[in-house]
Structures are given as C-alpha cells and as structure tokens.
Amino acid sequence: MDRFPFPDDLIRAQQQWHDTYRALAAPRPRRTTELRRRLLALSARIHGHPFWSTPEGRMPAARVELRQRTAADRTRVAA
C-alpha cells in the first residue's frame with residue numbers, strides 16, 4: 001500500500017526524470033544539451049507541482065517516496 005496519493009502526472013514526470021537522468025549517465029551520451037534541458041524542465045515541473053502544497057505533499061517523506069517508487073518501477077521494467 002502506498003502511503004501518499006501522488007497524481008498520475010507527477011508520477012509520469014518523475015519517471016521521465018529518471019529515464020532522462022539515466023540517458024545522460026550512459027557512457028558517451030548523444031544530445032547532451034537536449035537531455036540536460038529536458039532534465040532541468042522536468043525538475044522544475046516536479047518541484048513546482050501543486051501536490052507539494054497539499055498536507056501530504058508538505059511532508060519531506062513524500063518526496064523521498066516519490067523518487068523511490070518511480071525508480072523501483074523503472075528498474076522492474078528494465079529487468
């Protein structure tokens with residue numbers, strides 16, 4: 001059972017952030033400028049999401065859980 005009710009668009013943005021970060025971390029990535037810009041835009045979208053102004057979103061544990069949940073989802077897909 002998940003502790004925080006994250007909106008779907010926030011989960012998707014965090015998943016995209018992880019994907020973009022992994023693409024940048026790959027050896028000799030292509031389109032690094034484009035990937036960095038995308039990572040920055042996704043970071044801004046995640047940071048400014050309205051969920052963070054709700055009572056659940058104000059808890060620091062919510063940000064940690066979002067990152068952990070979406071990172072775990074991506075590793076399961078890759079495995």
Side-chain angles (χ1 to χ4, degrees):
M1 171 104 181
D2 298 324
R3 183 173 169 195
F4 298 99
F6 296 114
D8 291 339
D9 63 327
L10 181 57
I11 291 173
R12 275 192 308 275
Q14 187 67 49
Q15 289 170 335
Q16 292 170 357
W17 188 95
H18 284 295
D19 293 342
T20 305
Y21 187 86
R22 285 186 187 100
L24 263 174
R28 300 168 73 172
R30 295 177 182 236
R31 305 178 343 260
T32 56
T33 301
E34 178 185 331
L35 289 171
R36 287 180 180 155
R37 287 180 181 157
R38 179 159 173 72
L39 195 63
L40 189 59
L42 287 166
S43 296
R45 185 184 316 165
I46 293 165
H47 180 75
H49 196 279
F51 174 77
W52 305 123
S53 41
T54 66
E56 296 94 356
R58 288 189 195 109
M59 300 175 72
R63 290 185 187 267
V64 173
E65 184 176 321
L66 176 66
R67 284 191 296 269
Q68 289 175 342
R69 188 187 310 175
T70 56
D73 288 347
R74 304 323 276 178
T75 54
R76 267 184 287 192
V77 170

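For the single chain, residues carry numbers from 1 onward in sequence order. These values consider heavy atoms only, across backbone and side chains, with no hydrogens, waters or symmetry-generated copies.
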How are the rings of Trp17 and Tyr21 set relative to one another: parallel (under 30°), tilted (30 to 60°) or perpendicular (over 60°)? parallel
To the nearest 0.5 Å, what is the distance between [atom1] on [X] and [atom2] on [Y]?
X: Gln68; Y: Gln14; atom1: CD; atom2: CD; answer: 11.0 Å
X: Arg3; Y: Arg69; atom1: CZ; atom2: CZ; answer: 11.5 Å
X: His49; Y: Leu66; atom1: NE2; atom2: CG; answer: 9.5 Å

Return all side-chain donor-acceptor pairs below 3.5 angstrom for residues 51-61, not counting sequence neighbours, or 'none' if the list is empty.
residue : atom : partner : partner atom : Å
Trp52   : NE1  : Ile46   : O            : 2.6
Ser53   : OG   : Pro50   : O            : 2.8
Thr54   : OG1  : Phe51   : O            : 2.7
Thr54   : OG1  : Gly57   : N            : 3.1
Arg58   : NH2  : Ser53   : O            : 2.7

Does any part of the side chain of Arg63, heavy atoms only, come nearer than 4.5 Å to the side chain of His47, both counted from C-beta? yes
Quick one: side chains of residues 23-40, donor-acceptor pairs under 3.5 Å with protein atoms, not counting sequence neighbours, listed by atom name and distance.
residue : atom : partner : partner atom : Å
Arg31   : NE   : Glu34   : OE1          : 3.3
Arg38   : NH2  : Gln16   : OE1          : 3.4

